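Here's the structure, in structure tokens; my notes come after.
Note that the structure is predicted; figures quoted are calculated from it, not measured. To find a chain, count down the sequence lines: A is the first, B the second, and so on, and within it residues start at 1.
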Number of protein chains: 2
Amino acid sequence: MQTEEEILKIKKVKNTAVRTVVLRHLLSQEKAQSLKDIENALAYTDRSSIFRTLKTFEENKVIHSIEDGSGMTKYAVCAKGCNCDPKDLHYHFYCTNCDKTFCLFDVPIPKIQLPENFKQQQANMVVKGLCDNCNK
Amino acid sequence: MQTEEEILKIKKVKNTAVRTVVLRHLLSQEKAQSLKDIENALAYTDRSSIFRTLKTFEENKVIHSIEDGSGMTKYAVCAKGCNCDPKDLHYHFYCTNCDKTFCLFDVPIPKIQLPENFKQQQANMVVKGLCDNCNK
DNA sequence: GATTTACTGCAACTCGATTGCAAAGATTAC
DNA sequence: GTAATCTTTGCAATCGAGTTGCAGTAAATC
Ligand SMILES: [Mn+2]
Ligand SMILES: [Mn+2]
Ligand SMILES: [Zn+2]
Ligand SMILES: [Zn+2]
């Protein structure tokens, strides 16, 4: 596992106090985090600073965002070497019981045969159901 | 193509003036519609009535909703025989240029191999890029 | 050290979604 | 048919995630 400093250096994002603590929080979580999640976890960091940090991270491929339909965009740290282009994309799983959203890094997304002349740039693939912990 | 009345009868949803006009509008569009889209198209129908109509339609599988990441949930009429279970799902395509969202009824979603003990109930699969009209 | 640029915190604001409530309409019970 | 009951509708108010303006602070550059 890389440190926050290493990741930011590789992605050419200047290291600041807020950025370090936001990235550290994201790295420490097994599930994708919403702005609200991060705000709650970092009691003394302002929401808009976290918001702008997330935008910066996303623009620089430090993290990727997930629209899981919960009403809040979730964020997760990109895998090492990820460029967020179609070949790097992966499914996400949203548990309808416990509200956790996971990156399914191990399940590849197949190449999707689009209609004539459509061009894929990105994708947001969310499977919804029960996670292992809730499916009992 | 079935009429609004036929669809509502099949799906056991009582026919009302608002429901007929909302469903008619959805049927007339090639792209998925947001609440705002519908509100704009139906100048004399109240937003909250449309909103509740969409909820009723979705509960009764008259329509399905799409979270395309545009910030507004989109709605499209279900295909004949659709039960909105995993086998009936299809990809959606969101054009990042013209903001249109399409149902890709003809492209099947493969069965996704989830981690041990995860259970799929639903899915929201959005491919983003340029539609045929914008990819020139 | 002065100047310029980037980051942060606070408050205000936007806008899609949602709800409470009372009036209007439809259905059912007498 | 009329009264009682349930459903739908319209309006206004509210919620909450996301976003922005601005001024103060910190960092980088000259
Ligand atoms: Mn992910
Ligand atoms: Mn669809
Ligand atoms: Zn769960
Ligand atoms: Zn387009």
Side-chain angles (χ1 to χ4, degrees), chain A residues 4-5 8-9 11-26 31-60 62-76 94 99 101 124 126, chain B residues 4-5 8-9 11-26 31-60 62-76 94 99 101 124 126:
Chain A
E4 300 89 50
E5 288 76 13
L8 292 179
K9 190 163 191 183
K11 299 297 172 71
K12 299 186 169 51
V13 176
K14 201 204 301 180
N15 196 352
T16 70
V18 172
R19 289 173 186 175
T20 301
V21 72
V22 169
L23 182 52
R24 180 174 303 151
H25 175 74
L26 288 171
K31 60 163 182 153
Q33 299 286 292
S34 66
L35 174 57
K36 180 67 148 287
D37 289 336
I38 302 169
E39 192 186 355
N40 290 342
L42 310 179
Y44 298 105
T45 309
D46 183 70
R47 177 167 22 107
S48 61
S49 297
I50 300 170
F51 172 77
R52 287 187 267 230
T53 294
L54 292 170
K55 289 289 163 206
T56 301
F57 281 0
E58 193 175 11
E59 280 163 18
N60 291 281
V62 175
I63 62 176
H64 58 274
S65 62
I66 308 150
E67 293 136 12
D68 62 11
S70 67
M72 299 196 281
T73 303
K74 305 288 175 64
Y75 301 89
Y94 176 73
D99 285 323
T101 297
N124 185 62
V126 180
Chain B
E4 301 88 50
E5 288 75 15
L8 293 179
K9 190 164 190 181
K11 298 296 172 71
K12 297 188 170 51
V13 175
K14 202 203 298 181
N15 197 351
T16 71
V18 173
R19 288 174 188 174
T20 299
V21 73
V22 170
L23 182 52
R24 181 174 303 150
H25 175 74
L26 288 171
K31 61 163 182 153
Q33 299 286 292
S34 67
L35 174 55
K36 179 67 146 292
D37 289 335
I38 303 170
E39 193 186 354
N40 290 342
L42 309 180
Y44 299 105
T45 308
D46 182 73
R47 176 167 21 106
S48 61
S49 299
I50 300 170
F51 172 76
R52 286 186 268 233
T53 294
L54 292 171
K55 289 288 163 206
T56 301
F57 282 179
E58 194 174 11
E59 281 162 17
N60 291 281
V62 175
I63 62 176
H64 60 274
S65 61
I66 307 151
E67 293 136 13
D68 63 11
S70 68
M72 298 196 282
T73 302
K74 305 287 175 64
Y75 300 90
Y94 176 72
D99 285 325
T101 298
N124 185 63
V126 180

Heavy-atom nearest pair, A:Lys74 first then A:Tyr94, reads NZ-CE1, 4.3 Å
With sequence neighbours excluded, what pairs up with B:Glu59 under the side-chain hydrogen bond (donor to acceptor under 3.5 Å, both in side chains) test?
none
Please list, chain by chain and in numerical order, all residues satisfying salt bridge (charged side-chain N to carboxylate O under 4.0 Å, His left out) with A:Arg24, sequence neighbours excluded.
A:Glu4
Which residue in the set A:Val22, A:Thr16, A:Leu23 passes side-chain contact (heavy atoms from CB on, under 4.5 Å) when paired with A:Arg19?
A:Thr16
Give one of base, sugar-phosphate or nothing for B:Ser49, where a contact means two heavy atoms less than 4.0 Å apart.
base
Identify, between B:Ser48 and A:Arg19, the residue whose nearest nucleotide on DNA chain C lies closer to the 5' end.
A:Arg19
Testing the basics here: between B:Ile66 and B:Ala76, what is the closest heavy-atom pair and its distance to 0.1 Å?
CD1-CB, 4.3 Å
Between P on C:dC15 and CG on B:Asn40, what's the gap in Å once rounded to a whole number?
13 Å
Sorted by chain and number, sequence neighbours left out, side-chain hydrogen bond (donor to acceptor under 3.5 Å, both in side chains) with B:Glu5 holds for none
What are the two closest non-hydrogen atoms of A:Asn124 and A:Ser65, and how far apart are they?
OD1-O, 4.4 Å
Roughly, in whole Å, what's the span from CD in B:Glu39 to P in D:dT9?
15 Å
Between P of D:dT8 and CG of B:Leu23, the distance in whole Å
15 Å
How long is the line joining OH of A:Tyr44 and P of C:dC10, in whole Å?
12 Å
When all nucleic acid strands are considered with a 4.0 Å heavy-atom cut-off, which category describes B:Thr16: base, sugar-phosphate, or nothing?
sugar-phosphate
In terms of side-chain heavy atoms of A:Asp46, which of C:dC10, D:dC11, C:dA17 is nearest?
C:dC10
Integer-rounded Å distance: C:dT27 P and B:Asn15 CG:
11 Å
Which parts of residues 62-73 of chain B get close to DNA chain C, meaning a heavy atom less than 4.0 angstrom away?
B:Gly71, B:Met72, B:Thr73
Going by heavy atoms closer than 4.0 Å, what residues in residues 50-60 of chain B are next to DNA chain C?
B:Phe51, B:Arg52, B:Lys55
Taking CG from B:Asp37 and P from C:dC15, how many angstroms apart are they, rounded to a whole number?
16 Å
Please state how far atom CG in A:Asp99 lies from atom C1' in D:dA17, giving the value in whole angstrom units.
15 Å
Could you please spell out the steps behind the side chain to side chain contact (heavy atoms under 4.5 Å, CB included) verdict for B:Leu54 and B:Thr73?
CA-CA 11 Å; B:Leu54 292 171; B:Thr73 302; over 6 Å; no
Donor-acceptor contact below 3.5 Å, side chain B:Asp68 vs main chain B:Ser70:
yes
Using a 4.0 Å heavy-atom cut-off to protein, can you give one letter per nucleotide of nucleotides 23-30 of chain D, 5' to 3': B if the base is in contact, S if only the sugar-phosphate is, - if neither?
--------
With no hydrogens and no angle check, is any side-chain donor or acceptor of B:Asp46 less than 3.5 Å from a backbone partner on B:Ser48?
yes
Just how far, in rounded Å, is C1' of D:dC11 from CZ of B:Arg47?
10 Å
